[in-house]
Amino acid sequence: MNRISKMVLRMYVPAVVITLGGLATAEAVTRTERVLVGIPPQRLASLSFLLAILLGTAWALHSSWRLYRWARGRELRCACGGMMSRVRYNRQRQKYRKCLACGGKSLEGAHCAGG
């Protein structure tokens with residue numbers, strides 16, 4: 001599997017996990033047969049699965065938007081050509097970004113010496 005395929009996989013796996021988690025939650029709620037907060041379990045199960053589908057779709061759309069911007073050259077790129085993640089903080093409270101393709105890390109202000 002090449003780096004770009006790994007990057008795309010890392011971006012879309014959370015959407016799939018959210019949706020499958022909603023399916024598992026809906027199945028568990030359906031099997032309980034207890035009325036929670038006045039809502040029958042079948043209705044609560046369908047609402048939880050609908051919420052998971054909506055959240056998974058929103059995540060996938062956001063990932064697609066970022067990939068579109070990356071393909072157009074509007075997202076930060078690593079030296080390998082992969083897309084950089086959002087800003088994160090390490091234990092020393094330094095800002096860094098992680099490459100979604102190769103997994104390499106780069107400090108956010110590394111090119112600015114001093115200050």
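Heavy atoms only: backbone and side chains are in, while hydrogens, waters and symmetry mates are out. FYI, the numbering just counts along the sequence from 1. Predicted model, so just to flag it, every value in this text is computed and none were measured.
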Quick one: hydrophobic cluster around [X], which other residues, with the 4.5 Å side-chain cut-off, linked directly or via members?
X	value
Trp70	Ile4, Met7, Val8, Met11, Tyr12, Leu67, Met83, Leu100
Tyr68	Trp65
Val16	Leu20
Val87	none

**Message:** Let's go through Cys78 and Cys102 carefully: what are the C-alpha distance in whole Å and the side-chain angles of both, what is the deciding distance for side-chain contact (heavy atoms from CB on, under 4.5 Å) to 0.1 Å, and is it a yes or a no?
**Reply:** CA-CA 9 Å; Cys78 178; Cys102 69; 3.9 Å; yes

**Request:** Any salt bridge (charged side-chain N to carboxylate O under 4.0 Å, His left out) involving residues 78-88? Give me the pairs, sequence neighbours left out, ordered by first then second residue.
**Result:**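 Residue pairs passing salt bridge (charged side-chain N to carboxylate O under 4.0 Å, His left out), neighbours aside: none found.
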
**Item:** Pairs involving residues 55-73, ordered by first then second residue, that meet salt bridge (charged side-chain N to carboxylate O under 4.0 Å, His left out) (sequence neighbours left out)
**Value:**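 Sorted result for residues 55-73: Arg66-Glu75, Arg69-Glu75.
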
**Message:** Between Thr25 and Phe49, is the side-chain contact (heavy atoms from CB on, under 4.5 Å) condition met? List the steps.
**Reply:** CA-CA 7 Å; Thr25 301; Phe49 189 50; over 6 Å; no

Residues in side chain to side chain contact (heavy atoms under 4.5 Å, CB included) with [X], at least two apart?
X	answer
Ile39	Arg43, Leu44
Leu55	Ile18, Leu51
Leu76	Met84, Arg97
Thr57	Ile53, Leu61

**Prompt:** Of all residues at least two apart in sequence or in a different chain, which pass the side-chain hydrogen bond (donor to acceptor under 3.5 Å, both in side chains) check with Arg31?
**Reply:**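 Expected list: Glu27.
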
**Request:** Evaluate the side-chain proximity of Thr30 to Pro41: yes if any heavy-atom separation is below 4.5 Å, no if none is.
**Result:**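 No, their side chains stay 4.5 Å or more apart.
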
**Prompt:** Do Tyr89 and Lys95 have side-chain heavy atoms sitting under 4.5 Å apart?
**Reply:**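 Contact flag for Tyr89/Lys95 side chains = yes.
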
**Ala101 versus Gly82, closest heavy-atom pair with distance** =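 Between these two residues, the closest heavy atoms are CB-CA, 3.7 Å.
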
